[in-house]
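Letters A, B, ... are given to chains in the order of the sequence lines, protein chains preceding strands, and every chain is numbered from 1.
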Number of protein chains: 2
Amino acid sequence: MATKARRTDALSREVIVEAATQILDTDGEDALTLRALTVRLNTGYGALYHHVENKSDLLAAAAEDVIARAVAGAATDSEPRELLRTVALSLFDAITAHPWAGAQLAREPWRSALLDIYESIGAHLEALGVPEPALFDSAGALVNYILGVAGQNAATARAGAHRTASLAAVAAQWERLDPARYPRLHKAAAQLPEHDDREQFLAGVDLFLAGVEAVHRRGASDRSS
Amino acid sequence: MATKARRTDALSREVIVEAATQILDTDGEDALTLRALTVRLNTGYGALYHHVENKSDLLAAAAEDVIARAVAGAATDSEPRELLRTVALSLFDAITAHPWAGAQLAREPWRSALLDIYESIGAHLEALGVPEPALFDSAGALVNYILGVAGQNAATARAGAHRTASLAAVAAQWERLDPARYPRLHKAAAQLPEHDDREQFLAGVDLFLAGVEAVHRRGASDRSS
DNA sequence: ACTATGTTGGATTGACGCTCCAAAGCTAGC
DNA sequence: GCTAGCTTTGGAGCGTCAATCCAACATAGT
C-alpha cells in the first residue's frame, strides 16, 4: 500500500486549463510550471500530457478562454464608434485582470482569439464607413495598438507587485533623467503618477478613430500616400 | 599542461553583447544560450557573468544597442510629420532586421532605448502643434502602436523561417475559416499574400497622425471625452 | 618578490519541460 | 464473472538551461 491513491474524479482539458488560469492569476506568469500543476491537481506529468499538447498549448488555451470571453461579452448594439470603444475597453480590462493573457497575445498572435478580435473590429469599422481596401490597414492598426498596450501592461504587471509602486519607480527614474537630453520625459515625470492607464488607453483609441474618420470623410477621396 | 589556454585578448561587455547580437541575428532568439556564448567566445560562465548581470541584462543591452542606433540614425531635419514617419519607419526596419529586439522591446519596455523613442516622438509631436496636456497620451498611443507591431513582427519571425512561407500559412488558415462566423477574415485571406508589412505599418502611422491633426486642429478646442 | 585587485574557466546546482513506461481503471465480448 | 484490449494515470528519469561558486591565473603597485 505504498502507492498513492488514484484519482476518482475526471481529469479533463478544461479542468487543467482552469487550474492553470488560477495559478497564473494568483501567482503570476512564472509560477505556472508543470510541476506546480501536478501538485495542485494531485496528479503526474503523464496525466497532464495526455490532455494537453505541451505548455505553449496550455497557455494558448488559457489565454483564448479569457480573451474570447472578453470579446463576446462586449457585444451590444449601439453606434459603431461606441462599439469599437467598448470592444477595445473590454479587451483592456481583460488584459489588466489577466496580464499573462496579454503577454501570450503578443507572443503568439496567430493563435488565441485574435481572430475574433479582428473580425469584431473589422465589422465595426465597416459599419463606421471605412471602405474595403482600407479596412485591412485600419483594423490591423487598431489591433496592433491594442496588442502593444497589452504587452506593456503585462510587462508592468510582471515588474512589480503593485501597479502604483512600479509606476512611482518609473516616475522616479524619469525624474533622474538628464533634463538636457530628455526634457519632455523629465517634465512628464510629474504628471505620470496621477495618470490613469485606462483613460490613456481610451484616448489612444479615440485618436485612432479620429484618424479613421478624418481619412474616410465620406467619399474616401484618395487612399494613396 | 592539461589546462586550456587562457585568453590574451580583452573580453569586455561590448564584445559579449556583439557576439550575442550575432547569434541572435543568425540563429534566432532561442539559440542565444550562455553555453553557446561560452563556445563562441572560447570562455566560461564566470567570465561572462563578470561583465554581464544576467541573461536579461544581456538581451536588454543588445536590444538597446540596435534600437538606439535606429532612433539616432533617423534624425534629419524636415517637417515634423515627415520626421515622425521617418522615426517610425526606421524603428520598423530595425525591428524587421532584428526581430528579437522587437520581442525584447515588448517584454521589458522600461529598459532599452524606449526613452529615446518617447523623447523623439514627443519632440516631433510637439513641433506638430500638439498641446502639452495631450502630448502624453498621443506619444503613448503612437509608441504603443509601434510596440504592438514590433511584437507581431517578432512573433511571425519566430514562427517560420521565411516571412512569405508563414504568411501563406496564415492565409491558408484564414481561408479555411467558417465564412459565416468570420466573413471579413475569410475574404481578407485573398489579399493577405500580396500585402506589404511595411506599407501597412506606415498606413497605421498615417492614420494616427491624421487623428492627431484632426483632434488638435489649431486652437485645440477641447480635450475631454 | 610579494601582495592586492581584477579577470578567467569550468564543475556543479537546482529547476524546468518533456519522454517514457508500468500500473491501474474501464468497457466489451463471451 | 472473467478476461482481453484500450484508455487514463502517476512518477522516475533525461537533457537543457541559467546561475553560483571557487580555484587558477594575470597584472599593477610597492
For the pair made of [atom1] in [X] and [atom2] in [N], what is the distance, rounded to whole Å?
{"X": "A:L37", "N": "C:dG17", "atom1": "CG", "atom2": "P", "result": "9 Å"}
{"X": "B:K55", "N": "D:dA18", "atom1": "NZ", "atom2": "P", "result": "4 Å"}
{"X": "B:Y45", "N": "D:dA18", "atom1": "OH", "atom2": "C1'", "result": "8 Å"}
{"X": "B:Y49", "N": "C:dT7", "atom1": "OH", "atom2": "C1'", "result": "17 Å"}
{"X": "B:H50", "N": "D:dC21", "atom1": "NE2", "atom2": "P", "result": "16 Å"}
{"X": "A:L41", "N": "D:dG10", "atom1": "CG", "atom2": "P", "result": "9 Å"}
{"X": "B:L11", "N": "C:dT8", "atom1": "CG", "atom2": "P", "result": "5 Å"}
{"X": "B:H51", "N": "C:dT7", "atom1": "NE2", "atom2": "P", "result": "6 Å"}

Of residues 16-35 of chain A, the positions that come close to DNA chain C - non-hydrogen atoms, cut-off under 4.0 Å: A:L32, A:T33, A:L34
Salt bridge or not between B:D30 and B:R158? Use side-chain N to carboxylate O under 4.0 Å. no
For the residue pair B:F201 and B:Y145, does the interplanar ring angle fall in the parallel (under 30°), tilted (30 to 60°) or perpendicular (over 60°) class? parallel
Any donor-acceptor N/O pair, A:S138 side chain to A:L135 backbone, under 3.5 Å: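 Not confirmed, A:S138 side chain does not pair with A:L135 backbone.
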Going through the distances and angles, do B:R111 and B:E64 end up as a salt bridge (charged side-chain N to carboxylate O under 4.0 Å, His left out)? CA-CA 8 Å; B:R111 297 209 221 181; B:E64 167 113 30; over 6 Å; no
B:T43 has a side chain; which of D:dG11, C:dG9, D:dA18 sits nearest to it?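 Shortest atom-to-atom distance from the side chain points to C:dG9.
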Assuming nearest nucleotide by heavy-atom distance, tell me which of B:E53 and A:A47 is located more 5' along DNA chain D. A:A47
Which residue pairs pass the ring-ring contact (aromatic ring centres under 6.0 Å, His included) test when at least one of the two sits in residues 14-50 of chain B, sequence neighbours left out? none
What are the two closest heavy atoms between B:F136 and A:Q191, and how far apart are they? CB-NE2, 4.2 Å
